[in-house]
Every structure is written in structure tokens, then in C-alpha cells.
Amino acid sequence: MSKRDYYEVLGVSKSASEDELKKAYRRLAMKYHPDRNPGDKAAEEAFKEAKEAYDVLSDASKRRIYDQHGHAAFEQGMGGSGHGGYADMGDIFGDIFGDIFGGGRPRGPRRGSDLRYVMELDLEEAVAGVEKRIEVPTMAACEACDGTGAEDRRTETCGTCRGMGHVRIQRGIFQMQQPCPACGGSGRLIPKPCRACHGTGRVRREKTLSVKIPAGVDTGDRIRLQGEGEAGQPGAPNGDLYVDIQVRPHPVFERDGDDLYCEIPIRFSQAALGASIVVPTLDGEVEIKIPAETQTGRLFRLRGKGVRSVRSRQPGDLHARVVVETPVNLTARQRQLLEEFEQTFEGEDAARHSPKSSTFFDGVRAFWDRMTG
């Protein structure tokens with residue numbers, strides 16, 4: 001089955017900004033998150049599809065490659081290690097023509113691969129900031145040989161390439177450059193390989209890190225920990241670790257940028273007569289006044305009770321939407337009172353008590369008049 005276009009998956013145009021991409025992904029992540037759709041395979045696949053699309057389009061270099069070559073640029077066989085399964089097309093052609101004409105970049109020890117860690121946070125943790133300890137499986141520098149790969153920590157300059165890491169070979173009129181077969185392109189030889197890492201200078205282990213998450217992060221934000229990726233080959237720097245933030249759905253609040261939304265159920269008597277109700281916020285409870293004759297769905301804004309994101313100076317607002325709840329499990333007395341109350345709406349005067357119903361049914365009658373006229 002062919003993959004959908006990544007822009008189509010996120011529902012954005014090809015000229016979408018970084019903020020538009022993030023907002024689109026956050027909306028889809030909230031909708032299809034497995035915690036909100038337990039056991040729903042379709043939602044799980046939609047969540048994975050959105051995540052894959054955002055991972056590519058949120059990275060400027062990956063997005064540029066995708067725009068030029070589409071999904072084919074990320075298929076197996078065109079990838080490079082440490083780059084999420086793809087290679088820059090400029091690098092590919094640079095290597096080919098550079099080797100043919102004797103140019104190309106100097107070769108040497110390879111930098112360690114970058115790593116990616118998905119960190120799930122509760123809304124409260126994302127809003128307030130938190131410090132988390134994480135376990136990351138990685139290739140780390142061998143402690144037995146200090147990452148040199150040599151038992152006695154001594155290496156020698158490769159005599160084949162004289163430390164350059166590459167050799168030149170002649171093919172007719174063409175001169176080609178390729179990694180040195182004797183040292184593998186490192187320019188150094190290890191007379192006595194380390195027994196712990198077998199001369200690679202790296203061993204696999206679990207690395208424990210403490211990560212400080214700044215206040216106000218949201219789904220789609222990324223934190224870079226420089227040098228905390230996989231160890232490079234002897235003499236090369238480590239890769240980086242990228243921590244991708246994923247905020248779990250909250251049972252009360254829904255976040256949209258810096259604003260929060262929640263629903264507050266009220267009784268129809270409170271909606272009709274007015275009342276004081278308590279609204280939860282991230283800072284505690286706040287009391288608000290519900291005016292008489294309030295209709296269901298009305299929004300009440302609590303200024304400054306939203307979220308101060310990592311990019312904002314001022315916090316957003318909390319929007320409380322009241323929902324008029326129909327009473328259940330009525331007693332005989334309550335049912336009798338409601339029946340008596342309902343009888344008071346009979347007659348021509350009833351319309352003034354239900355303005356929305358009157359407007360709706362007037363529209364229905366006008367519609368049928370046009371259909372039958």
C-alpha cells in the first residue's frame with residue numbers, strides 16, 4: 001500500500017511554517033493518541049502516520065530532501081546511518097564525482113550516530129517543567145581502553161595511506177579515491193586490539209541521563225543534548241541525543257497553544273436561575289458567576305490561567321465551557337415538580353421562554369414552505 005503524502009497526512013500546505021506543522025501534528029496527536037483510543041488499531045496507525053510525517057517535515061534538511069524526491073528518498077537502500085534512514089542527495093553525488101576526479105572530502109573516523117528518545121509527560125509536568133532520569137541504550141566509549149580501541153591505548157599511523165584514511169587507485173584515465181582497506185579510513189592502526197571492545201573503541205551499554213525539561217513545552221517540541229548520542233569512532237566526536245516531547249491527554253484540560261479548555265457540567269436550574277460554580281485550574285480552584293438564562297456551550301474566559309509556553313512572555317487563558325446536564329434517577333417528587341413546571345410552558349406565551357427553539361422551528365417552517373411552494 002502506497003504512503004500518503006506527508007503534507008496531506010498533516011492537513012497542511014507545502015508552504016506551511018514550522019508553527020503550522022507543529023499545531024497540525026499536535027491536533028492529530030491529541031485526537032489519535034493510544035491513551036484516548038485504547039484498542040483502536042485504526043487510531044494507532046493514524047497516530048504513527050502523523051508522527052512519521054512530522055518527524056520528516058519538522059527537520060529542515062529532511063523536508064528539503066522529501067520535497068525534491070518524495071518517499072523514495074527514505075526507502076531502504078538510500079539511507080545513511082545516524083540520519084534517520086536517508087542521505088543528502090548532494091552528498092551522494094559529491095562522493096561519486098569527487099572520487100572520480102580525485103577530489104572529495106578527507107575521510108577519517110566517523111562521528112557517532114544521533115539518537116532519539118520519546119519522552120511522555122503529564123500536562124502538569126509539561127506546564128511546570130520537570131527533571132527526568134532516562135535510560136538510553138547506546139554505543140559508549142569503551143572504558144577499558146578509553147575509547148582508543150587499543151589494549152595499551154597506543155595506535156600507529158597506517159603505512160598504507162600514511163594517515164590520510166584514503167588511497168587513490170587508477171582506472172584507465174580516471175583516478176579514483178576510496179577508503180583505505182588497511183585501516184578502514186581511520187588513518188590509524190591498532191597493533192594490539194582491546195579485548196573488551198575488540199578494537200572498535202565502543203561497547204553497548206545503558207546510559208542514565210538527567211534531563212531538565214523547561215516549563216511550557218508541548219507535544220512536538222524537541223530538546224537537543226549535545227554529545228549524548230552514540231560514541232564516535234576513535235578520534236571522532238559523539239553524536240547528539242534528541243528528546244522529543246509527547247504530552248499525554250489530560251482527563252480535565254485540553255491544550256491549544258497557550259490556552260486551555262475544559263467543560264464544566266451545571267444543572268439546568270443553575271443555568272436558568274444563575275449560580276456561583278467552582279472551576280478547576282492548574283493553580284487551584286477559582287469561583288465564577290454563571291448569569292441567569294445561560295445557554296449550554298457558553299464559554300467563560302479566565303485570563304492568565306492557561307499556559308506560559310517556552311516561547312511566550314505571557315500565559316494564555318483558560319476557557320471553561322458550561323454544559324447543561326439533564327438530571328437522571330429522578331425521585332417521584334422531582335418528576336412531579338418537573339411535570340408541573342412543563343405545564344407552565346403551554347400556550348402561545350411559551351415561545352418567549354425558548355428563543356433558540358422558536359428560531360429553529362421558524363427556520364424549519366420557512367424551509368418547508370420553500371420546498372412545497
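Here the CZ atom belonging to R321 is positioned 13.5 Å from the CZ atom belonging to R298, to the nearest 0.5 angstrom. Residue I266 holds its CD1 atom at 5.0 Å from CD1 of I290, rounded to the nearest 0.5 Å. Separating the CG atom in D256 from the OH atom in Y261 is a distance of 5.5 Å, to the nearest 0.5 Å. The structure places OG1 of T160 at 7.0 Å from CG of L189, a figure rounded to the nearest 0.5 Å. Interatomic distance, CG of D35 versus CD of E120, reported as 6.0 Å (0.5 Å rounding). With rounding to the nearest 0.5 Å, the separation of CD in Q177 from CZ in R168 is 5.0 Å.
Between M119 and Q246, the closest side-chain pair of non-hydrogen atoms is not below 4.5 Å. By the 4.5 Å heavy-atom criterion applied to side chains, L338 and L330 are counted as neighbours. D40 is not listed as a side-chain neighbour of Y32, based on a closest heavy-atom distance of 4.5 Å or more. In this structure, T331 and Q334 have side chains that are in contact, with non-hydrogen atoms separated by less than 4.5 Å. The side-chain heavy atoms of R303 and Q314, taken from C-beta on, include no pair separated by under 4.5 Å. At a threshold of 4.5 Å between non-hydrogen side-chain atoms, the residues V286 and P280 do not count as touching. Looking at L123 and R255, their side chains come closer than 4.5 Å, going by heavy atoms from C-beta outward. With a 4.5 Å cut-off on side-chain heavy atoms, L57 and K62 do not count as touching.
For D152 and K192, the salt-bridge test fails: no basic side-chain N is under 4.0 Å from an acidic carboxylate O. A salt bridge is absent between K3 and E49: the closest approach of a Lys/Arg side-chain nitrogen to an acidic carboxylate oxygen does not fall below 4.0 angstrom. Under a 4.0 Å N-O distance rule, the pair K305/D317 does not qualify as a salt bridge. Under a 4.0 Å N-O distance rule, the pair R111/D240 qualifies as a salt bridge. A salt bridge does not link D218 with K22: every distance from a Lys NZ or Arg NE/NH1/NH2 to an Asp or Glu carboxylate oxygen is 4.0 Å or more. K48 has a carboxylate O that lies under 4.0 Å from a charged side-chain N of E44, or vice versa, which qualifies the two as a salt bridge.
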Next item on the list: Evaluate the side-chain hydrogen bond (donor to acceptor under 3.5 Å, both in side chains) criterion for residues D283 and T281: first the C-alpha distance (whole Å), next the side-chain angles of each, then the deciding distance (0.1 Å), finally the verdict.
Entry: CA-CA 5 Å; D283 301 325; T281 75; 4.8 Å; no
Next item on the list: Please assess E325 against R267 for the test salt bridge (charged side-chain N to carboxylate O under 4.0 Å, His left out), listing each intermediate value before the final yes or no.
Entry: CA-CA 5 Å; E325 190 173 32; R267 296 188 300 275; over 6 Å; no
Next item on the list: With side-chain hydrogen bond (donor to acceptor under 3.5 Å, both in side chains) as the test, would you mind laying out the steps for E339 and Q343 before giving the verdict?
Entry: CA-CA 6 Å; E339 290 173 348; Q343 291 174 3; over 6 Å; no
Checklist line | side-chain contact (heavy atoms from CB on, under 4.5 Å) between Q178 and I169, intermediate numbers included | finding: CA-CA 8 Å; Q178 67 180 30; I169 59 175; 3.5 Å; yes
Check: Step by step, would you call K14 with D67 a salt bridge (charged side-chain N to carboxylate O under 4.0 Å, His left out)?
Finding: CA-CA 8 Å; K14 290 191 175 182; D67 288 344; 6.0 Å; no
Check: Between K207 and E135, is a salt bridge (charged side-chain N to carboxylate O under 4.0 Å, His left out) present by the stated rule, with each step listed?
Finding: CA-CA 6 Å; K207 181 165 60 174; E135 298 285 338; over 6 Å; no
Note to self: One pair to check against side-chain contact (heavy atoms from CB on, under 4.5 Å): I288 and S276. What are the steps and the verdict?
What the structure shows: CA-CA 6 Å; I288 64 172; S276 294; over 6 Å; no
Item checked: Working for side-chain contact (heavy atoms from CB on, under 4.5 Å), residues V136 and Y117 -> CA-CA 8 Å; V136 182; Y117 184 94; 4.3 Å; yes
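Side chain of T200 to backbone of R202: a donor-acceptor contact under 3.5 angstrom is found. Looking at D122, its side chain never comes within 3.5 Å of a backbone N or O of E124 through a donor-acceptor pair. Listed for the D5 side chain is a donor-acceptor partner under 3.5 Å among the backbone atoms of E8. Looking at E45, its side chain never comes within 3.5 Å of a backbone N or O of A42 through a donor-acceptor pair. With hydrogens and angles disregarded, no donor-acceptor distance shorter than 3.5 Å links the side chain of D258 to the backbone of G316.
Grouping the Ile, Leu, Val, Met, Phe, Trp and Tyr side chains by contacts below 4.5 angstrom, directly or via other members, places L225 with L115. Side-chain heavy atoms closer than 4.5 Å link hydrophobic residues (I, L, V, M, F, W, Y) into clusters, and following such links, even through other members, never connects V56 to V9. L273 and V323 sit in two unconnected hydrophobic clusters of ILVMFWY residues. Membership requires side-chain heavy atoms under 4.5 Å apart, directly or through other members. Cluster annotation: V279 is connected to F300 through the hydrophobic network of ILVMFWY side chains, with a link wherever side-chain heavy atoms come within less than 4.5 Å. By the rule that hydrophobic residues join a cluster once side-chain heavy atoms approach within less than 4.5 Å of another member, V252 and M30 end up as members of separate clusters.
Remark: the R63 side chain and the Y7 side chain contain an N/O donor-acceptor pair separated by less than 3.5 Å. A donor-acceptor pair shorter than 3.5 Å cannot be found between the side chains of S58 and E18. A donor-acceptor contact under 3.5 angstrom links the side chains of R188 and T157, judged on distance only. Using a 3.5 Å distance cut-off with no hydrogens or angles, the side chains of D19 and S17 do not pair a donor with an acceptor.
Of all the heavy atoms in I213 and L121, the pair that sits closest is CG2-CD1, 3.9 Å. For the pair A320 and I264, the tightest heavy-atom approach, listed with the atom from each and the gap, is CB-CG1, 4.0 Å. Heavy atoms only, all atoms of each residue included: V203 and C197 are closest at CG1-CB, 3.8 Å. In this structure, K212 and I223 approach most closely via the heavy-atom pair O-CD1, 4.3 Å. A pairwise comparison of heavy atoms in T294 and P291 identifies OG1-O, 2.6 Å as the closest pair. The two residues G220 and Y54 make their nearest non-hydrogen contact at O-OH, 3.1 Å.
For E340, the CD atom counts as densely surrounded, since its 6.0 Å shell holds more than 12 non-hydrogen atoms of other residues, nucleotides or ligands. Crowding of R335 atom CZ: a count of heavy atoms from other residues, nucleotides or ligands under 6.0 Å not exceeding 12. Applying the 6.0 Å contact sphere to CZ of R162 captures no more than 12 heavy atoms from other residues, nucleotides or ligands. Crowding of R36 atom CZ: a count of heavy atoms from other residues, nucleotides or ligands under 6.0 Å exceeding 12.
Between Y66 and Y6, the gap from one ring centroid to the other is short of 6.0 Å. Checked against a 6.0 Å centroid threshold, the rings of F47 and H33 count as neighbours.
Cation-pi geometry between R116 and Y242 is not met: the NZ or CZ atom fails to fall both under 6.0 Å from the ring centre and inside 45° of the normal.
Test T138, L209, V211 against L241 for side-chain contact (heavy atoms from CB on, under 4.5 Å) and you get one pass: L209.
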